[in-house]
Every structure is written in C-alpha cells, then in structure tokens.
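Below is one structure, written out as structure tokens; comments come after it.
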Amino acid sequence: METLRELTTNQKGVIAEAAIAFQAAKLGIGVARPLDDERYDLILDLGAELLRVQCKWAVRHGDVVIVRCRRCRRGRNGLIHRGYLPGEIDAIAAYCGELETCYLLPTDMSVNRTAVQLRLEPTRNQQRAGVNWARDYEFGARLNRFGPIAQLGERQSGRLEAAGSSPAGSIVRSTCSC
C-alpha cells in the first residue's frame, strides 16, 4: 500500500495504538491509557493482572515482519535511540499496517533489544530452530495463557451473547511469558 509509506512516524504510532486498543477490545480485554508521560502507551486489564504495553508500528519485509523495540527522539545532536529496560514495560504490541495484524511480544523479547523478526513463511534454508513464527505472536494467540477470553457475539435477533473462544476450544495453553 503506497499510502502507508506516506504516513509520518507520529501518524503510524497513532494508527498502531488505535488498532491494538481495538483488537484488545474485540477480545473483551479492558484498555486504559496512562494519565502521565510513561514508557508505555496502554494498560491491558487481563483480569488477574495489568499489562503495561508499548505500541509500535511493524513493517513487512518479504517473509518477515520487523518490530523495532526501541524509542527514538530528537536531541540537540540528532536522533537518540534508546531501548526499553526491565521494569519499564511488560510487553510490546505491534501493528503491521500491510497485514492489518497485531502482534504481542513478551518481556524477554521486548527489553534490551533493537528489533525482533517474526517469520511469515519458512526460511529458504529450512531452518526451524530459533525461528519466531509470526502466527505464534499474533495478539489473540499470545493472550491465551490468561485463559479463554469472553467475546460478545451477536445473535440473529440482534441480542448480544457472551461466548468463549472463537471457535470454541481454539485456545491452547502456552508456556510463553506473555
């Protein structure tokens, strides 16, 4: 999409944050924003715990989605790049505009890193070890460790009805830290 390339960095950030908040709301997750200037953009209410989430715009390069795990601001001497430290955030959520998909990276993939690559397709050399598959980090897939997330579905009569995972039984327990 040519129009995505024409967006400013700030516009991409606003779109990513809105898309992530929208995806969380669709999954029945409470979304809040900090009142002060914090390192994180959103707070996700997962019931038993709150998750401090930094929102990012992700880009697709061929078979890989790249999520940058650092901040960038202008200083007197040019751009200042700084990563996130332990305790500042709990996760990075990223939105890839080209794929219209949100991803959630756990703490161990979010702090003290420059970027994370998520693979969409197998590698050319058939490498399997150490590959971060994009589908494993899609927003809903990462939140499954917190149990089934109630979703509202609309009946033909127009009445809303709460349901479990969609399709039922699609949530599988994971050992991830996010």
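Scope of the values below: all heavy atoms of this structure, side chains included, with no hydrogens, waters or symmetry mates.
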Counting only N and O atoms by type, is there a donor-acceptor contact under 3.5 Å from the side chain of [X] to the main-chain atoms of [Y]?
{"X": "Q11", "Y": "T8", "result": "yes"}
{"X": "D45", "Y": "G47", "result": "yes"}
{"X": "S110", "Y": "A91", "result": "no"}

For the student: nearest non-hydrogen atoms of [X] and [Y], plus distance:
{"X": "D108", "Y": "R113", "answer": "O-NH1, 3.9 Å"}
{"X": "L104", "Y": "R142", "answer": "O-CG, 3.1 Å"}
{"X": "R60", "Y": "L120", "answer": "NE-CD1, 3.5 Å"}
{"X": "R39", "Y": "I89", "answer": "O-CG2, 3.9 Å"}

If you measure from [atom1] on [X] to [atom2] on [Y], what distance do you get to the nearest 0.5 Å?
{"X": "T101", "Y": "F139", "atom1": "OG1", "atom2": "CZ", "result": "12.5 Å"}
{"X": "Y84", "Y": "Y40", "atom1": "OH", "atom2": "OH", "result": "13.0 Å"}
{"X": "E88", "Y": "R52", "atom1": "CD", "atom2": "CZ", "result": "8.5 Å"}
{"X": "I29", "Y": "I43", "atom1": "CD1", "atom2": "CD1", "result": "14.0 Å"}
{"X": "C55", "Y": "I15", "atom1": "SG", "atom2": "CD1", "result": "13.0 Å"}
{"X": "D41", "Y": "Q54", "atom1": "CG", "atom2": "CD", "result": "4.0 Å"}

CA sep, side-chain torsions, deciding dist, call: L42, I20, side-chain contact (heavy atoms from CB on, under 4.5 Å): CA-CA 9 Å; L42 299 175; I20 292 161; 4.0 Å; yes

Side-chain touch L105/C69, heavy atoms, less than 4.5 angstrom: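 Yes, their side chains come closer than 4.5 Å.
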
Check: Y137 and P106 side chains under 4.5 Å, non-hydrogen atoms: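 A side-chain contact exists here, since the closest heavy-atom pair is under 4.5 Å.
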
Presence of salt bridge, E17 and R33, under 4.0 angstrom: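 Yes, this pair counts.
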
Residue pair N125 / T123, side-chain donor-acceptor N/O under 3.5 Å: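 Short answer, yes.
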
